[in-house]
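Okay, structure first, notes after.
We use all heavy atoms of the structure for the numbers below, so side chains are in, but hydrogens, waters and symmetry mates are not. Every chain is numbered from 1 and lettered A, B, ... according to where its sequence line falls, protein lines coming before strand lines.
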Protein chains: 2
Amino acid sequence: MQTILLVDDEQRMLDLVALFLEPHGYQCIKVTGGKKAIETLKKSKIDLVLLDVMMPEMDGWEVCEAIREFSNVPIILLTARSDKFDLVKGLNTGADDYVTKPFDEGELVARVNALLRRVTQDTSGKEQIQYQDFSLNTEAYALNYKDLTAQLTLKEFLIIKALISRPAKTFTREELIESGWAFDTYTDVRTVDSHIRNLREKLRNAGFPIDEFLKTVWGIGYKWS
Amino acid sequence: MQTILLVDDEQRMLDLVALFLEPHGYQCIKVTGGKKAIETLKKSKIDLVLLDVMMPEMDGWEVCEAIREFSNVPIILLTARSDKFDLVKGLNTGADDYVTKPFDEGELVARVNALLRRVTQDTSGKEQIQYQDFSLNTEAYALNYKDLTAQLTLKEFLIIKALISRPAKTFTREELIESGWAFDTYTDVRTVDSHIRNLREKLRNAGFPIDEFLKTVWGIGYKWS
DNA sequence: TAATAATATGATGATTTGGTAAAGGGGGCG
DNA sequence: CGCCCCCTTTACCAAATCATCATATTATTA
């Protein structure tokens, strides 16, 4: 089952497009606006993006460029028939294809099929660790929250990974050390405190609401909740 | 120089389309009728086919199906605006895109560019790898950025290829070595550092904004983003 | 509220890791 | 054969991370 992200400012259009695609075996995620689209892309596995060009705030090709900053997911633009200029601009900013409104079901599905057939993205073996708006990119060793991204060090990554993988479970410092590194060497448990401190500072500075999620459990250790 | 095969029954249309494409660096071969098109495809190197749907004898999608018997060359259909049914049928019989008549130069060229850009395999089996304004010339073993070009050595090419093919993924040095060379022989992981260094220096000197894209992930490896 | 225990914070030194330069080996080519 | 270029390795230095400790702060409990 492949997942398609639909981006438009009109709810009616989102519903219509989903109505077209879902009978053909595609799962649709509907979002309004470019920021939400980017957030969703960062935390979910998306196989293709259908993007309306005409949107308030961020227009289609702004979103397109923003997506190309971190992903090469296939993108199809939706636009009014008359916007020839949009077409050229869109295709030159990284979009892969283009559908003009009004379109019928057959045309849309055919284009989606054709593009996915071409791309055949290799997403196998990709772990997806997430919690609400947080998601851990296990390939980039980075933490995402909505449209924010923070690059983590190895130890920071290992700690966050352990915590988010089992929300609400309180980890002792010993558990965190053993789950991540130091199978052989001894490291002071207080070292975990330092990493937690560094994490909190880094993420706080990056704008993450980290204090609401990464919590100290007095006398025991740390947890995510 | 890429070669495009134009297929139509009207000589005037062939000339018009060639007039549009040739200024953009495409070599055009004009043929009238499906049989000649198939003959030409079998004996010449063709990068893309522009195929009119309305033709006597063999129509567009018959030709399309016939081509798909032996080749997966990219195909764009030319169709009258009203022929929605033809369009869907065409895309589902193996065409990759379509353009409705009447069309202007910008639209046609944009579609041709876009299709050639996203096609991962051209007729000679070479891959097209790109990221935003960067593209890898897998025949010349060179990296392009906008109008800049840098000649790479083999190892440099293999490293860049691995990185750009999967943006945002962090590669360990071992992964880079294994993905490119040394399936059998042992090579020190620090050799990758040397190649990265040479790449950065070479590309920086050539005017590439390489430091914004080729990044070190401390304790893990390198990534492109 | 004071005493106590645990964590947060700040500072620092140690350690790991990456960047850089330099040199040697080896193959291709004139 | 000799030159040049690429690849690889090594060594050294710089930078980032990691671990530890001392001190400040906060939470808990009597």
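Residues passing the side chain to side chain contact (heavy atoms under 4.5 Å, CB included) test with A/Ala206 are A/Phe208, sequence neighbours excluded. Applying the side chain to side chain contact (heavy atoms under 4.5 Å, CB included) test to A/Lys42 and every residue at least two apart in sequence or in another chain returns A/Ile38, A/Phe70, A/Asn144, A/Thr149. Residues meeting the ring pair (Phe, Tyr, Trp, His ring centres under 6.0 Å) test with A/Phe134, sequence neighbours left out: A/Tyr145, A/Phe213, A/Trp224. Residues satisfying the side-chain hydrogen bond (donor to acceptor under 3.5 Å, both in side chains) test with B/Arg200, not counting sequence neighbours, are B/Thr216. Residues that satisfy the side chain to side chain contact (heavy atoms under 4.5 Å, CB included) test with B/Leu19, not counting sequence neighbours, are absent from this structure. By the side chain to side chain contact (heavy atoms under 4.5 Å, CB included) test, B/Lys146 is found to be paired with B/Asp133, residues two or more places apart in sequence or in another chain being considered.
End-to-end axis angle for the helix from C/dT1-D/dA30 to C/dG30-D/dC1, using five pairs per end and rounding to 10°, comes out at 30°.
Atoms CG (B/Leu214) and C1' (C/dG18) sit 13 Å apart, rounded to a whole Å. Regarding B/Asp188, its CG atom lies at a distance of 14 Å from the C1' atom of C/dT17, rounded to whole Å. Distance A/Asp211 CG to C/dA8 P: 11 Å, rounded to the nearest Å. Atom-to-atom, CD of A/Gln151 to C1' of D/dT17 comes out at 13 Å; the value is rounded to the nearest Å. Rounded to whole angstrom, the span from the CG atom of B/Leu158 across to the C1' atom of D/dC6 amounts to 13 Å. We find that CD1 of A/Ile220 is positioned 12 Å from P of C/dA6, with the value rounded to whole Å.
Pairs passing the salt bridge (charged side-chain N to carboxylate O under 4.0 Å, His left out) check and including a residue from residues 209-225 of chain B, sequence neighbours excluded, read B/Arg204-B/Asp211. Within the structure, ring pair (Phe, Tyr, Trp, His ring centres under 6.0 Å) pairs that include any residue of residues 149-180 of chain A comprise A/Tyr141-A/Phe157 (at least two apart or interchain). Counting only residues at least two apart or on different chains, the side chain to side chain donor-acceptor pair (under 3.5 Å) pairs with a member in residues 30-41 of chain A are A/Asp15-A/Lys30.
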Sugar-phosphate or base contact per nucleotide [nucleotides 22-30 of chain D; S, B, -; heavy atom under 4.0 Å]: ----BS---
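Of all nucleotides listed (D/dT9, C/dG19, D/dT20), D/dT20 comes nearest to the side chain of A/Tyr186.
In this structure, A/Gln130 and A/Ile164 have side chains that are not in contact, with every pair of non-hydrogen atoms separated by 4.5 Å or more.
Between B/Arg190 and D/dT10 there is no side-chain polar atom (N or O) within less than 4.0 angstrom of OP1 or OP2. Here A/Arg173 reaches the OP1 or OP2 of C/dT7: one of its side-chain N or O atoms lies under 4.0 Å away. The phosphate of C/dA8 has OP1 or OP2 within less than 4.0 Å of a side-chain N or O from A/Tyr222. For D/dT8, the OP1/OP2 oxygens have a side-chain nitrogen or oxygen of B/Lys155 closer than 4.0 Å. Listed pair B/Thr187 / D/dC7 fails the phosphate criterion, with no side-chain N or O lying under 4.0 Å from OP1 or OP2.
Closest-nucleotide positions on DNA chain D for B/Glu156 and A/Val189 were compared, and the one nearer the 5' end corresponds to B/Glu156.
Within 4.0 Å (heavy atoms only), A/Thr191 reaches at least one base atom of the nucleic acid.
Contacts with DNA chain D (heavy atom under 4.0 Å) in residues 194-202 of chain B: B/Ser194, B/His195, listed by number.
Contact between B/Gly219 and A/Leu154 at its shortest, heavy atoms only, is O-CD2, 4.4 Å.
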